[in-house]
Structure formats: structure tokens, C-alpha cells
Protein chains: 2
Amino acid sequence: MKPPHRTSITDLARALNLSPSTVSRALTGHPQVSETTKARVRELAEQLHFQPNQLAAALRRGRSTTIGVLVPYITGHFFPEVVNGIAIEASQQGYNVMICQSNEDVAQEKKNIELLMNAQVEGILVSLSSTTQDFAHFDAVRQAEVGLVFFDRIVEDMAGPRTSAVVLDDYAGAYQAVTHLIGQGCRRIAHIAGPLHLNIHRNRHQGYLDALRAHGLEPDEALINRQPLGLGTGAECMRQLLQLPAPPDAVFSSNDMAAVGAMQVLKAAGRRVPDDVAVVGFSNEAFTALTEPAISSVDQRCHQMGRTAVQQLLRLLRDETPPPVVLTPELLVRASSQRQA
Amino acid sequence: MKPPHRTSITDLARALNLSPSTVSRALTGHPQVSETTKARVRELAEQLHFQPNQLAAALRRGRSTTIGVLVPYITGHFFPEVVNGIAIEASQQGYNVMICQSNEDVAQEKKNIELLMNAQVEGILVSLSSTTQDFAHFDAVRQAEVGLVFFDRIVEDMAGPRTSAVVLDDYAGAYQAVTHLIGQGCRRIAHIAGPLHLNIHRNRHQGYLDALRAHGLEPDEALINRQPLGLGTGAECMRQLLQLPAPPDAVFSSNDMAAVGAMQVLKAAGRRVPDDVAVVGFSNEAFTALTEPAISSVDQRCHQMGRTAVQQLLRLLRDETPPPVVLTPELLVRASSQRQA
DNA sequence: TTGAAAGCGCTAACAA
DNA sequence: TTGTTAGCGCTTTCAA
């Protein structure tokens, strides 16, 4: 069995009676190489389907042109969209992308960070696993002169060399959503808030509170629920709300799944959405457009977030120190919160 | 500014008064190294946070332990789920994953294949772009002794060295779905089939026809629609079906989006689902569980497909010649097709 | 404008 | 059990 020989620069050099260095230079378009030589080299390379060995080049240069991405998981709506943005921007900038998932597990997160470091990536884009409390594994990254950009789920107080972040302005999104509901005439707006130890939920909750107060409405603790967010809990929560002496005339949910659950209960109870109770969710999941009525939701600019994360990383690699980027979300008004004029 | 020196095997060797080879062997658990030396090496490696340079190792070994994945896009439901399966299996088998998307464009597909080859991947898992007609760019892959596994969207007649495939048995999925509808008492079953030039749609269509005939029902051309599948076309198609002299008592749609469209029209027209008209979709998209009623659908075993693709690749790399794998889909019966007993 | 030589960090014969 | 040596394929001084 003959060795699986892929054509190398040395091969080209031999065939053309040139030195490897010249061939290498010709291929990378070095200005000091004569046009004729360049032409000869390129022609042969083309003809033999020559593919340069990135590994060798990277080893020699000390630059891999690869960036690592570490997300809690790659399914659902949000992360695939962000990763899509990352992939597109990275490819435009001439970088490859290596993707890992932590499955919301710190141990795997740690392992994956090592893996990416071993692969000699030039930078890492991370969205933290929900179980991450200790951040020591990221120190190693920065010591190794590898860029680090957190997105969406970030380490709050992690200013540091070669580190930046991209987040969504959850506060503004919630504020927009609630302001919109008030504009539709709603006065008792419930909030399915999610567990407040997560910063995204905390910020959305604050946006909710501030929007109410800014319009002269006093938040009512009875209208606020802090259960984990899911279809079932959204439904359960709505049932409780309907039994209040003064039930709400709107619901702002911190995620879309819970909003669906709430809406199903409303419909089953014979309440009209949006006329009796208006509903707004958060994340702009694909299914929000498919329920009946379609659910208004806050779009998280996933794609933009991915692109921005890559851009931040490239700035870090140029030794700039870009401040964290905060993206402004966009409220998409659909039937669930649009009352007749 | 001091050079960004990451600890190397040579460093460890110097510090321990050993040769690099011994250190290397100790690190990889070579049996011929004394336990004491191993312990010393490991301890120092730990202490200095030593991370081996994969690039160098891969170059030397001629094996990158990286596999490439090329999909039309990484958003939506199907591909992220498959990629998830790939990532998990690959990681378990000690491989890294490099992901590219073709955006349904042959040119990008070609470019990405080259990119992956340059990165010296050991194998590539591909789902074809819908515009791919010419397959020359894949010949190069196999000539380079790189494994090639097609999944979902495959090259039909591409038997070849170091090549395999994983697909879903679309025919069986459709057959199951239609048989189920017949079992629910449906007799005039419409089919939103999608354009039949795509093999997946063709196979599902055939499954539909055969299931009908197997139960003594003659297919009615008036009940079959071949428009591209979307929310709008599903709705449009349903409107037409309702105007037939003998409208259908069930709809089997080749995808879930069109099923939602059809169901919205049914509800708007005051038909009860499933009692007047039962509905079954295909793909088990997340939103099928969220509509009202929830839509029965055929699950495509995305996760399994990803894992299997990796397994097939590893077999190819062991010089086996595994036959293509055909996965059997699973019908998930939900409210949209479940009539009272 | 081109070539010679060295070396990125690692591993694997072969030797001792 | 450990060390010596060579080289994976590429880039990059330095010299011609």
C-alpha cells in the first residue's frame, strides 16, 4: 500500500526546479517573485490539485486561523442562530470555526476549553454553562495570549486583558415590551419572570418594573412569578393568575415557551387574546409566529450577536481593548398584543 | 514584550532532566516508561498547565483527529439536531469537529471542502447543498484518503472507496403515517407532497400511495398537491381541497410548516381537527407540539443520524466498507390525528 | 529575484 | 527504561 501522498510544496518545487521557499512565496503572492515564476507555480499547483497543509503552516507561523466556539448546546433557536452569525463572519474574515458544546456542565466546559487550546485556536467565543461558578479555567486562556469573548451568558465582572463581551440589552427589551402593552391600554400586567438568579431574567424583570413605574403603574407582587420557565410552568402560572380577585389584563413572559403555556390556558378559559388579556414573550422563537394568535416577542439579534462576537475577537487579536458591546433588541408586535384601534 | 511562550514538551524535558521522547511517552501513557518517571512528568505538566500542541502532534503523526462537517445551513430544527448528534459522538470518540455551511450554494460547498481538506481533516460529513449537480469536488476528497459520509441529502449513485451514507427511510415514515390515518377511520386522505424532484418528497409520496393501495384505497389525483412546502402554500392548498365536491377527511403533509398552514385554514373554516379532518406532518419540528391541536408528525431521528454518520466515518477510516445506513423514522401521534375511540 | 538552512513542537524508529 | 536522531510541511531569516 503506497503512502497516501498529498502533493506538497516540496513536490511542486522539485517538479519546477525551484526551491520550496520560492514556491511558497509564489503561492502566497509575495511581491518579490517574478510574474513568470508565479504563473508557472500556480499552474502546476492548480493542475495537481495542490492543497497547502494548514497544520504545517499554522505550526510554523504560530497562527492557526481557527477560532473556537463554546456554547451550552447547539440545538433550539438561539444558539444555532448565533453560531450561524459567527460562522459567516469568521469565514468572511478568513477564519475556521471549531465548535464545542458544554451541555450546561462546567466539567465539560473546562474540558472543551482545554481541547480548543490544544487545537491552538487564536481565540474563543464562549457562552457560559449555567452551572459555571468558578472561572479559573478562563485564566489559562488569557495567559496563553488567546482572545476571549463572552456572549449572551457572560462573566459579569470579568474585565481583563484580551477579553471582551457581547450581550443583549435585556432590560431595554423588557422595557419596550411593557411600554407597548401599556400603550395598548393594559394596566394590570403580569410578569412570568423566571428564576432571578440568572442575569438575563433579573435584567428583564428590572425593565418590567421600571417601565411600569415610568407610566405611573405600581408593580403588584401578586402578578409576578419566578418559577423556572417552561410550557407547563407558564400554564400553571396563568391558572393561578386567573384566580386572583383582580386578574391581569396582560402577561409579559421572560421566554416564549412559558408565553405559549399561558396562552393555551387563557384560550381554554375562554379569555380572548389579546382583547381580554394581551401576551408578549421574549426570544422571538420560530414558533411564536405559528401559534394562534401569533405571539409578540422580543427579538434577540442572534445573528448580529454572532457577527459582533467575531469582530470583537479580531479587535482583541489586534491588541485593541474594545469595550463590551450591548445590542439593542427589537420588539416584534404580533396578534397576541395588538388590540384594535 | 516577552514571547508568548506556552510550555512545551522540551521545556518539561529540560526541567526534569529527561529527553523529550521520554516526556512524550510518559504523557501518552506509554507502557515502557517507569511509573516514577510518569508521575514526575505528570506532576510538573499539571503544575505548569502544560497543554500539548495538537497541531504539531497532528503534523507529525499525519492524523489530525478532526472531522469536518458541511451542512447547507446550521439554523432551523433538523441540522442543529444532527450536528448535535455528530458533536456528541465525535467527542466521545476523541475527535474534534469543524463545521461549515454552504448556504445551499455549490460554490461555497466547493470552497468549504477545500478548506476542510487544508485543515487536514480525517473525514468529512456532508449534507448536499440543494444546488449541487456536479460532484467532481468530492472526488478530490476520496483521492486524498479522506473519509466521506453523506447524510440526509446524498449523492444517489455515489458508491466509491472510503464513502458511505446515512439516510432516513422516508418511504417508511410516510407509509406509517398514512396507515395510522386509515386506522383512525380516514378514507379520503389528501397529500401535500412538495416538489417531487427532491428524493425525500418522492419517497414520501410513494409511501403515501403504497399505503393507500395496501388498504384498498385508490389514490385520487385531485387530493395531491406538489407546490413547494411552506406555511402559505399549505394554507392555499387546503383552501382548494375544501372546495372539492368530495373534500378530504385527512391531510398528510410532507413537512410540518405546510401542515400548520393547512390546519389554520381548517380551523378558520370551522372544521374540527381531527374529527372532521385529521392532520399529520413530517419532521417533528419543535412547534408541532405547540399548535392547537398539537400536530402528529414523523420524527427524523436527527440525533441518531448524526451519531451514525460519525460511526460510519470511523469505520471507513478503519478501512472497512460499511453499507449505507437507512434509519427508520418514528411516527409521533398527537392530537391532530387522534380521534376518540 | 531566488536559494540554503533552520526550526515550529511533536513523535517514532533505532540505539544504548 | 531512556536517549538520539530525524523529520512531518511549511515559512522565514539571511545570504547570494
Side-chain angles (χ1 to χ4, degrees), chain A residues 3-42 44-45 48-66 117-122 144-146, chain B residues 3-42 44-45 48-66 117-122 144-146:
Chain A
H5 191 68
R6 292 149 99 135
T7 350
S8 70
I9 285 198
T10 322
D11 298 332
L12 296 182
R14 241 193 310 265
L16 294 168
N17 242 315
L18 286 170
S19 75
S21 7
T22 305
V23 174
S24 169
R25 285 187 281 240
L27 254 16
T28 50
H30 193 105
Q32 307 264 41
V33 177
S34 78
E35 282 308 323
T36 30
T37 333
K38 276 186 186 166
R40 285 177 65 212
V41 170
R42 283 186 191 142
L44 187 64
L48 300 183
H49 298 107
F50 168 72
Q51 300 289 116
N53 185 332
Q54 286 269 19
L55 255 44
L59 177 60
R60 176 59 232 247
R61 286 211 198 105
R63 288 197 53 217
S64 63
T65 60
T66 298
M117 296 295 288
N118 291 355
Q120 308 297 112
V121 297
E122 295 187 30
E145 301 236 312
V146 167
Chain B
H5 191 68
R6 293 149 97 133
T7 352
S8 71
I9 286 199
T10 322
D11 297 333
L12 297 181
R14 240 193 310 264
L16 294 167
N17 241 315
L18 286 171
S19 75
S21 11
T22 305
V23 174
S24 169
R25 286 187 280 240
L27 254 16
T28 51
H30 193 104
Q32 306 264 44
V33 177
S34 79
E35 282 307 324
T36 30
T37 329
K38 276 186 187 166
R40 285 177 64 214
V41 170
R42 283 186 190 141
L44 186 63
L48 300 182
H49 299 108
F50 168 71
Q51 300 289 116
N53 184 333
Q54 285 268 21
L55 255 45
L59 177 60
R60 176 58 232 245
R61 275 203 275 246
R63 290 196 52 216
S64 63
T65 60
T66 298
M117 296 294 289
N118 290 356
Q120 308 296 112
V121 297
E122 295 186 32
E145 300 236 312
V146 167

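Lettering of chains follows the sequences in order, A, B, ..., and the numbering in each one begins at 1. Please read all numbers here as calculations on a predicted model, not as lab measurements.
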So [X], base contact, sugar-phosphate only, or nothing? Heavy-atom distance under 4.0 Å.
X: D11(B); answer: nothing
X: L59(A); answer: base
X: S24(A); answer: base
X: S21(A); answer: base
X: L55(A); answer: nothing

statement: Comparing S34(B) with T10(A), nearest DNA chain D nucleotide closer to 5' gives the residue S34(B)

message: With nearest nucleotide decided by heavy atoms, which residue, K38(B) or I9(A), maps closer to the 5′ end of DNA chain D?
response: K38(B)

Of the candidate nucleotides [options], which contains the atom at the shortest distance from the side chain of [X]?
X: T28(A); options: dG9(D), dT11(D), dC10(C); value: dT11(D)
X: V33(A); options: dT12(D), dT2(C), dC10(C); value: dT2(C)
X: R25(A); options: dG9(C), dG3(C), dT12(D); value: dG3(C)
X: L18(B); options: dC10(C), dC10(D), dT2(D); value: dT2(D)
X: T22(B); options: dT11(D), dG9(D), dG3(D); value: dG3(D)

query: Distance check: side-chain N/O of S19(A) vs OP1/OP2 of dG3(C), anything under 4.0 Å?
result: yes

field: Distance below 4.0 Å between S8(B) side-chain N/O and dC8(C) OP1 or OP2
entry: no

Using atom [atom1] of [X] as one end and atom [atom2] of [N] as the other, report the distance to the nearest whole Å.
X: Q120(A); N: dG9(C); atom1: CD; atom2: P; value: 9 Å
X: R6(B); N: dC10(C); atom1: CZ; atom2: P; value: 11 Å
X: R60(A); N: dT12(D); atom1: CZ; atom2: P; value: 6 Å
X: R61(A); N: dT13(D); atom1: CZ; atom2: P; value: 12 Å
X: Q32(B); N: dA13(C); atom1: CD; atom2: C1'; value: 14 Å
X: M117(B); N: dG9(D); atom1: CE; atom2: P; value: 14 Å
X: R14(A); N: dG3(C); atom1: CZ; atom2: P; value: 14 Å

- prompt: Are any of the side-chain heavy atoms of R14(B) and D11(B) separated by less than 4.5 Å?
  reply: yes

task: Please answer whether the main-chain N or O of P20(A) pairs with a side-chain N or O of S24(A) as donor and acceptor at a distance below 3.5 Å.
output: no

task: Taking R40(B) for its side chain and L16(B) for its backbone only, find out whether a donor-acceptor pair lies under 3.5 Å.
output: yes

message: Is it the case that atom NE2 in H30(A) sees more than 12 heavy atoms from other parts of the structure closer than 6.0 Å?
response: yes

- request: For the pair N118(B) and Q54(A), evaluate side chain to side chain donor-acceptor pair (under 3.5 Å) and give the outcome as yes or no after the intermediate values.
  value: CA-CA 5 Å; N118(B) 290 356; Q54(A) 286 269 19; over 6 Å; no

